[in-house]
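Before any comments, here is the structure.
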Amino acid sequence: MVNIKNKPANKPLAEYIERLQQGEALLVDSPQNVLEVVGILKSYGVVLDAYSKNLIYIAENQFLVFFPFFKYFNGEFSWGKLLRHWWHNRINFEYAEYCMKAMMWHGGGGLDAYLDTAEFQRRAEAVIQAKFAKNPLVKGINQLFPDFLTENLRVSAYYSGLGQFWRVMADIFLELSDLYDKGKIQTIPEVVEHIKAGLVADAMKPITYAVKIQNKVYEIIPESLGLTFLADTAIPYVEAVFFRGTPFLGTVSYNAQAYQIPPDQSRFQYGALYADPLPIGGAGIPPTLLMQDMRHYLPEYLHKIYRQSLRGEDDLLVQICITFQKSMFCVTTATILGLMPFPLDTKESSEQEANQIYFEKWMDRFVTSRLVDVNK
């Protein structure tokens with residue numbers, strides 16, 4: 001009998017299909033890659049911890065606030081923090097909002113579907129009436145524009161959903177760094193396995209959202225709805241941020257007659273796995289904010305590698321971006337292996353064939369990505 005598992009179709013990335021079939025990572029295993037990936041995920045974990053806390057704070061305390069001037073302060077305002085905010089000596093929470101908006105725009109998963117249901121409308125209306133019970137002006141506006149405040153609560157739900165997703169991912173990445181420091185993580189496959197185990201362990205973690213008004217709690221996303229971490233936040237996030245993304249201002253023309261942006265969102269390829277690192281640092285490039293945040297928390301062993309590079313600190317943000325893309329291919333590998341239809345070691349030919357088709361469909365999406373570049 002022909003072993004389908006060992007004979008991938010004639011595809012541009014057939015080599016990587018074979019790697020996945022053997023349980024290996026999309027990123028080549030080497031001590032240098034392990035050091036870079038773990039180091040950047042340590043920094044990313046610290047940043048995600050801050051992003052997560054702020055998104056959840058905004059969702060729970062700044063909902064239906066029309067001008068949330070101090071939403072990045074997590075309820076701890078001071079003049080010193082305000083001056084640092086104006087001087088940009090702070091975490092760039094704007095990037096977290098960029099990811100949230102991309103995730104909401106592209107949609108997908110149970111959270112997106114729920115926000116269009118009658119149940120959500122009913123729960124949202126209860127929150128609106130309670131929030132503005134003594135504000136006839138806003139209640140009148142709500143009568144004239146009945147979708148305005150409801151849409152604001154949809155945005156708040158995504159703030160909360162992404163915050164809860166990043167809470168889990170931050171803990172996974174920080175634990176990965178601790179294990180590496182103890183010598184328990186030494187290879188890229190071990191990095192991938194750690195991430196996959198974390199995703200699987202929290203796969204069914206409930207995604208909920210509630211707000212408090214006048215000491216009464218209003219459930220907007222109740223636990224009984226059954227929304228979960230993996231299916232309703234993790235997979236839509238990977239689709240929206242890793243793959244699709246949004247076209248960066250200044251890199252492509254938004255003129256419809258120029259045909260530089262696909263008319264179909266499903267054909268977008270502006271995500272983290274495709275982005276050219278060279279524009280990082282330029283105006284209108286949202287990932288610049290993330291790279292600036294991560295540079296403050298780089299482990300010394302990783303920062304040392306950057307300083308010893310050809311240009312040293314002069315292109316630090318670009319170097320961070322390249323390393324970050326390597327790490328995201330590891331996270332994507334963990335996602336792909338975790339969602340396989342059948343076990344890797346299956347002996348059934350039909351199951352092997354199903355796995356191969358599954359891998360091929362994924363690899364078809366990677367043809368124009370940075371996969372080959374990060375492995376050079």
To the nearest 0.5 Å, how far apart are [atom1] in [X] and [atom2] in [Y]?
| X | Y | atom1 | atom2 | result |
| --- | --- | --- | --- | --- |
| Gln257 | Asn255 | CD | CG | 5.0 Å |
| Thr233 | Arg167 | OG1 | CZ | 13.5 Å |
| Asp314 | Leu317 | CG | CG | 11.0 Å |
| Leu316 | Cys321 | CG | SG | 11.5 Å |
| Gln325 | Ile40 | CD | CD1 | 11.5 Å |
| Ile220 | Phe63 | CD1 | CZ | 7.0 Å |

Report yes or no: do [X] and [Y] form a side-chain donor-acceptor pair below 3.5 Å?
| X | Y | answer |
| --- | --- | --- |
| Gln22 | Glu18 | no |
| Ser253 | Gln260 | no |
| Glu313 | His303 | yes |
| Ser160 | Gln164 | yes |
| Thr246 | Tyr98 | yes |
| Gln352 | Gln356 | no |
| Tyr306 | Thr323 | yes |
| Lys53 | Asn74 | no |
| Thr208 | Glu219 | no |

So does [Y] get a backbone contact from the side chain of [X], meaning a donor-acceptor N/O pair under 3.5 Å?
| X | Y | value |
| --- | --- | --- |
| Tyr114 | Leu227 | no |
| Ser43 | Met294 | yes |
| Arg90 | His85 | yes |
| His194 | Ile172 | yes |
| Ser52 | Asp49 | no |
| Asn33 | Asp29 | no |
| Ser309 | Ile305 | no |
| Ser177 | Lys42 | no |
| Gln319 | Gly312 | yes |

Worksheet item: Parallel, tilted or perpendicular for Phe73 and Phe77, by the 30°/60° rule?
Response: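 Phe73 and Phe77: tilted rings.
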Worksheet item: For Leu162 and Tyr51, what are the C-alpha separation, side-chain angles and deciding distance, and is it a side-chain contact (heavy atoms from CB on, under 4.5 Å)?
Response: CA-CA 9 Å; Leu162 180 56; Tyr51 285 173; over 6 Å; no
Worksheet item: So which pairs with a foot in residues 220-230 pass side chain to side chain donor-acceptor pair (under 3.5 Å), sequence neighbours left out?
Response: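 Listed by first then second residue: nothing to list.
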Fill in: Residue pairs, two or more places apart or on separate chains, that pass side chain to side chain donor-acceptor pair (under 3.5 Å) and touch residues 140-158
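For residues 140-158: Glu151-Arg154.
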Heavy-atom side-chain proximity of [X] to [Y] below 4.5 angstrom:
| X | Y | value |
| --- | --- | --- |
| Leu64 | Val211 | no |
| Tyr270 | Pro262 | yes |
| Ile235 | Leu339 | yes |
| Trp166 | Tyr237 | yes |
| Leu149 | Val138 | yes |
| Pro287 | Phe248 | yes |
| Leu26 | Met363 | yes |
| Gln121 | Asp116 | no |

Discussion item. Which heavy atom of Pro277 sits nearest to which heavy atom of Val318, and what is that distance?
Written reply: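 Nearest heavy atoms, Pro277 then Val318: O-CG2, 3.7 Å.
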Discussion item. Looking at every heavy atom in both Leu344 and Gln21, which two are closest together, and how far apart are they?
Written reply: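 It is CD2-O, 3.3 Å.
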Discussion item. Is the distance from the ring center of Tyr16 to that of Phe366 below 6.0 Å?
Written reply: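 Not close enough - the centres of the two rings lie 6.0 Å or further apart.
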Worksheet item: Strictly under 6.0 Å, is that where the ring centroids of Phe324 and Tyr44 end up?
Response: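 Here the rings of Tyr44 and Phe324 have centres that are less than 6.0 Å from each other.
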Is it true that atom [atom1] of [X] has more than 12 heavy atoms of other residues, nucleotides or ligands lying nearer than 6.0 Å?
| X | atom1 | answer |
| --- | --- | --- |
| Tyr259 | OH | no |
| Asn215 | CG | no |
| Phe342 | CZ | yes |
| Lys71 | NZ | yes |

Worksheet item: Is the Lys NZ or Arg CZ of Arg365 less than 6.0 Å from the centre of Phe243's six-membered ring, within 45° of the axis?
Response: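 Geometry flag: set, cation within 6.0 Å and 45°.
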Fill in: Charged N-O contact under 4.0 Å between Lys196 and Glu193
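The answer is yes: the pair qualifies as a salt bridge.
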Worksheet entry | Cationic N near anionic O, under 4.0 Å, Lys101 to Glu97 |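 Answer for the salt bridge query: no.
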Item to complete: Using side-chain contact (heavy atoms from CB on, under 4.5 Å) as the criterion, list what pairs up with Lys139, not counting sequence neighbours.
Response: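 Result, side-chain contact (heavy atoms from CB on, under 4.5 Å) vs Lys139: Gln129, Phe132.
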Worksheet entry | Candidate pair Asp373 and Lys376, rule salt bridge (Lys or Arg N to Asp or Glu O under 4.0 Å), full reasoning | CA-CA 5 Å; Asp373 297 274; Lys376 288 182 179 177; 3.8 Å; yes
Item to complete: Report the C-alpha distance between Phe120 and Leu225 in whole Å, list the side-chain angles of each, state the deciding distance to 0.1 Å, and finish with yes or no for side-chain contact (heavy atoms from CB on, under 4.5 Å).
Response: CA-CA 11 Å; Phe120 171 76; Leu225 191 65; over 6 Å; no
Tabulate below the donor-acceptor pairs under 3.5 Å that side-chain atoms of residues 182-189 make, not counting sequence neighbours, or state none.
from   : atom 1 : to     : atom 2 : distance (Å)
Gln186 : NE2    : Gly183 : O      : 3.1
Thr187 : OG1    : Glu190 : N      : 3.2

Got a list of side-chain donor-acceptor pairs under 3.5 Å for residues 102-113, not counting sequence neighbours?
from   : atom 1 : to     : atom 2 : distance (Å)
His106 : ND1    : Gln265 : NE2    : 3.4
His106 : NE2    : Gly245 : O      : 2.8
Asp112 : OD2    : Gly108 : N      : 3.3

Fill in: Trace of the side-chain contact (heavy atoms from CB on, under 4.5 Å) decision for Leu13 with Arg19
CA-CA 10 Å; Leu13 298 175; Arg19 293 178 62 84; over 6 Å; no
Item to complete: Hey, could you give me each pair passing salt bridge (charged side-chain N to carboxylate O under 4.0 Å, His left out) that has a residue in residues 287-311? Not counting sequence neighbours.
Response: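 Those involving residues 287-311 are Glu300-Arg307.
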Discussion item. As a quick check of understanding, evaluate side-chain contact (heavy atoms from CB on, under 4.5 Å) for Tyr358 and Ile336, giving each step before the final call.
Written reply: CA-CA 9 Å; Tyr358 168 79; Ile336 293 173; 3.8 Å; yes
